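Here the structure is laid out as structure tokens; the discussion comes afterwards.
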Amino acid sequence: PEPGKIYDTQVQPDIVYRTAQQSLDGAIEEIDLKMDLYQPIGVRGTSPLIIFIHGGNFTAGSKDSAYAVDISTALAQRGAVVANIDYRLEKLEKKTWQGTQPALTPIHNDPRFAELVELAVQAGNEGYYEHPNGVVAALEDTLYAYDFLIDNAYQYSIDTRRVGIWGYSAGAVTAAHFAYLLNDFDIASPDIQAITMLSGFNGIADYTGVNYVQAGEASVFQFHGDKDTTAPLFPYGYNVYELASGVVDATHMVIGKGIGHGTAARIFSTISSNGKTVFENALEFNANALYFPGTNPSTLCEVVKSTQGSNCSQYPAIP
């Protein structure tokens, strides 16, 4: 792709990347998991791949969410092939004004994930996750989506050496797990150069106290609101930046002052200290990580929309 060029795009909707199982009120059923593939028109050769993972607390949301469509479109316009994926959700049985919502539970048939399921349930019992089966299902399904895309890279004009993951909320949690956990549990070693986390954290690392981040793993760009009560910046969101700093090639943390959990909706309108939007800075970070590793500042923390300047040291938790 040509730097700075805005491409027209085309979308291939509802590509089935996996057929998986889930339990609906105790009855086992199969579900086709789908992705929408956004492609730039007119790129010569191959394009980098971005997998976008929507949010929704592992119980709701879809690839059709407005922010998922907007971000996927914007990334494809800059020359990336973007896979905007759906994944299995987990819902507890509960009574609503419309009646009783049946329980929905992903079924984990892949034995590689057995240890991680057990660990996620333990973390859930300690309050780190509300829906541990949903957490692992999102991770498992993302791996199958990644494998599908790599296997079909020629068909979709994907450069398999340049892969990034973007996620919001539950999707950002999934991105962190995908980049830093899979190889530690002998599941897989996907070749990911960068992840972009919007309002996310790494709950397994928080629960175990283990730093799973290793040299050579993905650089990470984070946009996290300091008023986020769903996934609080301290200690959860900031912990990823802290663990990855000095280990991977580059770690950038953008703290939205006065911003809550809705960073996906604010990424195009929030202006950073350099006068660019957070999206533009995330885009530049990803381009450098994918094509020119070592050119991003190794660590960067800034506060946007701050009346106190852009120094993260205004937060006592940050040295």
Side-chain angles (χ1 to χ4, degrees), residues 17 33 35-36 38 48-76 80-89 120 129 131 134-146 149 163-182 190 192-206 212-213 217-225 228 230-231 233 236-237 239-241 244 248 251-254 256 261-268 278-279 282-283 285-286 289-290:
Y17 70 85
L33 297 172
M35 65 172 69
D36 293 341
Y38 294 70
L49 169 65
I50 302 293
I51 298 174
F52 187 86
I53 312 170
H54 69 79
N57 195 30
F58 302 101
T59 66
S62 79
K63 60 183 175 59
D64 298 323
S65 300
Y67 65 83
V69 173
D70 289 346
I71 293 175
S72 296
T73 300
L75 289 168
V81 172
V82 184
N84 179 12
I85 69 170
D86 273 339
Y87 52 89
R88 287 170 296 166
L89 305 174
Y129 298 121
H131 305 282
V135 169
V136 180
L139 179 58
E140 181 182 318
D141 294 341
T142 300
L143 178 60
Y144 276 79
Y146 169 85
L149 290 159
V163 182
I165 310 286
W166 285 51
Y168 166 59
S169 189
V173 173
T174 305
H177 289 166
F178 192 87
Y180 302 132
L181 287 183
L182 292 180
I192 306 298
Q193 286 69 54
I195 60 171
T196 300
M197 299 175 60
L198 310 177
S199 303
F201 60 99
N202 189 333
I204 294 294
D206 292 336
Y212 298 99
V213 184
E217 293 184 326
S219 294
V220 54
F221 182 99
Q222 293 177 261
F223 180 32
H224 209 114
D228 191 334
T230 302
L233 174 62
Y236 301 117
N239 195 36
V240 177
Y241 174 81
V248 301
T251 51
H252 288 198
M253 165 66 81
V254 179
H261 192 62
T263 50
R266 303 287 292 272
I267 192 170
F268 295 109
V278 175
F279 176 78
L283 195 68
F285 178 91
N286 275 261
L290 296 178

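This is a predicted model, so every value here is computed, not measured.
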>> What verdict does the side-chain hydrogen bond (donor to acceptor under 3.5 Å, both in side chains) test give for S199 and S169, after you've listed the backbone C-alpha separation in whole Å, the side-chain angles of each residue and the deciding distance to 0.1 Å?
In response: CA-CA 5 Å; S199 303; S169 189; over 6 Å; no

>> side-chain contact (heavy atoms from CB on, under 4.5 Å), that's the test. Do N286 and Q193 meet it? Break it down for me.
In response: CA-CA 8 Å; N286 275 261; Q193 286 69 54; over 6 Å; no

> How close do S62 and S65 get, heavy atom to heavy atom, and via which atoms?
Replying inline: O-OG, 2.9 Å

> How about H54 and Y67: are their ring centres within less than 6.0 Å of each other?
Replying inline: no

>> Between N239 and N202, do the side chains contain a donor N or O and an acceptor N or O under 3.5 Å apart?
In response: no

>> Rounded at 0.5 Å granularity, tell me how far CD1 in I267 sits from CH2 in W166.
In response: 4.5 Å

>> Please verify the inter-ring angle class for Y168 with H261; under 30° counts as parallel, over 60° as perpendicular, anything in between as tilted.
In response: tilted

> From M253 CE over to M197 CE, what is the distance, rounded to the nearest 0.5 angstrom?
Replying inline: 8.0 Å

> Rounded to the nearest 0.5 Å, what separation is found between the NZ atom of K63 and the CG atom of D86?
Replying inline: 5.0 Å

>> Main chain of G237, side chain of Q222: is a donor-acceptor contact present, judged purely on distance under 3.5 Å?
In response: yes

> Do the ring planes of Y129 and H177 sit parallel (below 30°), tilted (30 to 60°) or perpendicular (above 60°)?
Replying inline: perpendicular

> Taking all non-hydrogen atoms of both residues, which atom of V220 and which atom of A244 are closest, and how far apart?
Replying inline: CG1-CB, 4.0 Å

>> Using 0.5 Å steps for rounding, measure from the OH atom of Y146 to the CD1 atom of I85.
In response: 13.5 Å

> So how far is it from L75 CG to Y38 OH, rounded to the nearest 0.5 Å?
Replying inline: 10.5 Å

> Quick check, are the ring centers of Y180 and Y212 under 6.0 angstrom apart?
Replying inline: no

> Do you know which two heavy atoms are closest between A176 and I195, and how far apart they sit?
Replying inline: CA-CD1, 4.0 Å

